[in-house]
Amino acid sequence: MSRRALITGITGQDGSYLAEHLLEQGYEVWGLVRGQANPHVSRLRKHIGDVQITTGDLLDQGSLISAVERVRPDEVYNLGAISYVPMSWQQAELTAEVTGMGVLRMLEAIRVVSGVSSSRTPDGEQIRFYQASSSEMFGMVRETPQNERTPFHPRSPYGVAKTYGHYITQNYRESYGMFAVSGILFNHESPRRGAEFVTRKVSLGVARIKLGLATELRLGNLEARRDWGFAGDYARAMRMMLAHDTPEDYVIGTGQTQSVRDLVEFAFRTAGLDWREHVVLDARFTRPAEVDLLCADPKKAREQLGWEPAVGFEELVTMMVESDLRLLGGSSRPDDEPVSPDHW
């Protein structure tokens, strides 16, 4: 029989790529969505196809227990979060509840349905749990590159909430013997990325300027450096973590960094434009506490899982710019995309 996976945040960028990958691997894929008439479900099915849906909310413990009981998954991938970092300052409490406490609620749902208690650890086959941790947990980094042993110093409510989710996953693994892992994923992008994220903001901005729909692109800090990879590559890593013999946490990234300035320059060059003629610096887009440098050390994932990224930075940026040129140059518009920034 095929394995059955339950994905929270399935209407987001990562959820859509993970669902595609698992379907290719012969999985039966279920997505957890909030509400009875979520408009993003039809978009998801249009692009992905054979995905089944169950309702539930990371804010509601009972709904998660019901969802796990209904689906009876072999694997649960918790990708649901309020994942836009600037929004986490505007909605700090909600970010803590969804991105942090939501992890605890899902772990509890798995524990309750599996009948696991402090006096009895799981025997034999059990539900395997993946938590989407984030490089934002490193924040003000103490060493570069960052690996699984690098201390955390988050610099945003989002990073703090992700850190809680990471540690509570570790705690349930060590306390209850659950197969629970965290993937500490560095920045991963794609044409499905929400328009509010800087990579997609840049690719859409370039496309609008190239097509004569705009003349300028307003951005904040151009000097921040990130380790950017392709979201489809990172979805492969998620499955590989749960297929591993033992539950362990892994850093996933390319091991290379580029600045926002590098991103902007290459994206404009891809469209035959000079970024200096169109980019305007705007202090409104600067974070209250900036994270200046994030760079992954993915050695453990490479050696233990055999994972390697297949798409490089320039190929990724070209992919995004060309996709947005097609999107804005045709009959489609950005609101026809299959993903949503609000995807818990």
Side-chain angles (χ1 to χ4, degrees), residues 7-10 12-15 17-18 58 75-85 88 95-107 110 128-143 145-175 178-189 197 226-229 231 233-244 246-255 291 294-302 304-305 307 309 343-344:
I7 304 172
T8 74
I10 195 168
Q13 169 192 252
D14 292 6
Y17 279 108
L18 178 61
L58 290 173
E75 300 171 2
V76 172
Y77 295 85
N78 185 46
L79 313 184
I82 295 178
S83 57
Y84 184 45
V85 175
S88 73
T95 298
E97 284 289 343
V98 175
T99 307
M101 290 296 294
V103 186
L104 171 63
R105 294 185 187 105
M106 181 54 79
L107 284 164
I110 294 170
R128 298 191 170 198
F129 175 79
Y130 171 84
Q131 165 58 16
S133 289
S134 169
S135 60
E136 290 286 333
M137 300 186 306
F138 294 121
M140 184 181 291
V141 298
R142 303 185 193 181
E143 61 184 19
Q146 295 88 52
N147 60 37
E148 293 80 6
R149 297 176 301 280
T150 301
F152 299 140
H153 188 149
R155 298 267 283 171
S156 67
Y158 169 79
V160 172
K162 280 290 186 182
T163 302
Y164 173 84
H166 180 85
Y167 278 131
I168 200 66
T169 299
Q170 182 183 87
N171 186 257
Y172 269 59
R173 178 172 70 227
E174 295 175 353
S175 300
M178 293 172 62
F179 196 109
V181 307
S182 290
I184 307 174
L185 271 55
F186 280 64
N187 294 65
H188 45 288
E189 317 298 327
F197 290 86
R226 293 292 185 271
D227 184 331
W228 276 302
D233 287 339
Y234 291 50
R236 286 191 293 108
M238 298 175 195
R239 185 191 67 82
M240 295 170 82
M241 290 181 215
L242 291 195
H244 196 53
T246 57
E248 299 185 42
D249 302 329
Y250 294 90
V251 162
I252 302 296
T254 70
V291 175
L294 293 174
C295 180
D297 176 3
K299 179 180 179 181
K300 181 181 176 181
R302 183 174 60 250
Q304 294 190 10
L305 303 178
W307 179 84
H343 55 254
W344 80 83

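The basis for the numbers below is simple: all heavy atoms, side chains too, and nothing from hydrogens, waters or symmetry mates.
No side-chain heavy atom of Tyr250 sits under 4.5 Å from any side-chain heavy atom of Met240. Contact of the Phe197 side chain with the Gln13 side chain is not registered, since no non-hydrogen atoms from C-beta on lie closer than 4.5 Å.
Of the possible polar contacts, none joining the Trp307 side chain to the Met238 backbone as a donor-acceptor pair under 3.5 Å is found.
Here the closest non-hydrogen pair linking Gly80 and Thr8 is N-OG1, 2.9 Å. For the residue pair Ala301 and Ile252, the shortest heavy atom distance occurs at CB-CD1, 3.6 Å.
Looking at residues two or more places apart in sequence or on another chain, you find a side chain to side chain contact (heavy atoms under 4.5 Å, CB included) between Glu174 and Gln170. Residues that satisfy the salt bridge (charged side-chain N to carboxylate O under 4.0 Å, His left out) test with Arg173, not counting sequence neighbours, are Asp249.
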- request: Apply side chain to side chain contact (heavy atoms under 4.5 Å, CB included) to Leu294 and Gln146, showing your working.
  value: CA-CA 7 Å; Leu294 293 174; Gln146 295 88 52; 4.0 Å; yes
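Side chains of Glu248 and Thr246: a donor-acceptor N/O pair is present below 3.5 angstrom, by distance only. His188 and Asp14 are linked by a side-chain donor-acceptor pair at a separation below 3.5 angstrom, with hydrogens and angles left out of the test.
Ion pairing of Arg105 with Glu97 is present here, as a side-chain N (NZ or NE/NH1/NH2) and a carboxylate O approach within less than 4.0 Å.
Less than 6.0 angstrom separates the ring centroid of Tyr167 from the ring centroid of Phe152.
By the 30° and 60° cut-offs, the orientation of the rings of Tyr130 relative to Tyr77 is tilted.
For the atom pair NZ (Lys162) and CZ (Phe138), the distance works out to 13.5 Å, reported to the nearest 0.5 Å.
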